[in-house]
Asks: 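Please find one structure pasted underneath; my questions will follow.
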Amino acid sequence: MNSYQELGLQKIVNASGRMTALGVSTVNEETARAMCAASMSFVAISDLIDAAGKVIASHVGSEDACPTAGAAAGIAIATAACIAKNSVSITQQLPCSDGLANEVIIQKGHCINFGAPVTQMIRLGGGKVVEVGETNHTLAQNISDAVTEKTAALIYVKSHHCVQKGMVSLEEMIAISKKMNIPLIVDAAAEEDLKTYIARGATLVIYSGAKAIEGPTSGFIAGKKELIASCKLQYFGIGRSMKIGKEGIMGLLKALDLYEAKDMIAIRKKEMEKLQYIQQQLAGIEGLKIELVKDSAGREIYRLKVTVDPEKAKLNCSKLIEGLEAGDVSIRIRDHFSNLGIIEIDPRPLLDGDEVLIAEKFKELLS
Ligand SMILES: *Cc1c(COP(=O)(O)O)cnc(C)c1O
């Protein structure tokens, strides 16, 4: 029994992905131990933030870094830093930024909702959002024409949620940032490559600690040291309402360490074994077609695609999903294509033994 079950909650088998609604990711034992140890001692927090910033910066290849409660907090704090710079008074006055250089330029196709709107996080940091271009079409000149003496920053969102075609590229955004001497913030919350954005010329880059890095609920901003100093200053302003604790910081550092040393070949092999087990177990079930498919974005990620024939299976796809989710053990699968009678099993978030629970539940519902 896990600790959530003791509260009377369902045991979740996550076969869908890194979802905030399911707790994003799980940490391994070493990271959990680092968090546990950190939670049992006092520490001078500003010294911890400085020391952690140095460690994070060494992973990212940036001048400095600042831990945050998450990537969403990172967007608000980075925005506030670009407006307040080194002013304590402005830091204490935000998010009210009337009369200051407070405009943050974003292309319309990047105004996404990751669970909350990116633009709201900008406003939370005192930014006035300037949306540029059309949803499916923005030119570099639309961005540079929007720059005025009121501009505080440009922001570029790297995400599968964004419109991908017809957008101003990261390279073009970097060129405008450098030419006009305006900071460029990159929201790379779920990205796997920690070094590329700073190496290519972003001023600040933001990551989530719980997504690709599989750390605790946390995040960070990395980049130029003057602006990172201002990010840290925001903990005496709006950042206070989104503070990260000492446990979160120490867990993040441990997770970053382990992330660098990760044996992806061994991990992918184990994932494949789980998928093959489920595939074998479900092979005989009437009305299911089961295929191993590669990620549609071309990444080296495989998933199990299950196509339901409602006549033969005597259950349609939405009833199957309902059944999988119900009960003491709740199986959560990818349902993006459920309207076509297709569901997918993502092996990456599965814990050991989950593959057996998935196979059992399918058999229970369909035999
Ligand atoms: C997940 C996500 C966020 C928010 O990250 P948290 O760490 O949950 O705050 C922000 N931006 C993008 C693009 C995301 O995918």
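Whatever order the structure lists them in is the order used to number ligands and atoms, beginning at 1. Here the structure is a predicted model, which is why all the values come from computation and not from measurement. Residue indices begin at 1 and follow the sequence shown.
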Asks: Closer than 4.0 angstrom, basic N to acidic O: yes or no for D328 and K11?
Replies: no
Asks: Has ligand 1 got any nitrogen or oxygen that is less than 3.5 angstrom from a nitrogen or oxygen of A72?
Replies: yes
Asks: Look at E63 together with K224 and state whether they make a salt bridge at an N to O cut-off of under 4.0 Å.
Replies: yes
Asks: Using a 4.0 Å cut-off to any heavy atom of A189, which atoms of ligand 1 qualify?
Replies: 2 (C), 3 (C), 10 (C), 11 (N), 12 (C), 14 (C), 15 (O)
Asks: Quick check: does D187 get an N/O under 3.5 Å from an N/O on ligand 1?
Replies: yes
Asks: If you apply the rule side-chain contact (heavy atoms from CB on, under 4.5 Å), what do you find for R332 with S330, and how did you get there?
Replies: CA-CA 6 Å; R332 306 300 180 97; S330 178; 2.8 Å; yes
Asks: Using distance alone, decide if ligand 1 has a nitrogen or oxygen within less than 3.5 Å of any nitrogen or oxygen in S218.
Replies: no
Asks: With no hydrogens and no angle check, do the side chains of R123 and T119 hold a donor and an acceptor under 3.5 Å apart?
Replies: no
Asks: Ignoring hydrogens and geometry, is there a side-chain-to-backbone donor-acceptor pair from S25 to E214 under 3.5 Å?
Replies: no
Asks: Below the 3.5 angstrom mark, is there an N/O of A71, backbone or side chain, next to an N/O of ligand 1?
Replies: yes
Asks: Which ligand 1 atoms does G70 reach within 4.0 Å, using its non-hydrogen atoms?
Replies: 7 (O), 9 (O)
Asks: Look at ligand 1 and say whether K211 reaches it with a heavy atom at a distance under 4.0 Å.
Replies: yes
Asks: Relative to the ring of H110, is the ring of Y156 parallel (under 30°), tilted (30 to 60°) or perpendicular (over 60°)?
Replies: perpendicular
Asks: For atom 8 (O) of ligand 1, find the nearest protein heavy atom and state the residue, atom name and distance (0.1 Å precision).
Replies: T20 OG1, 4.1 Å
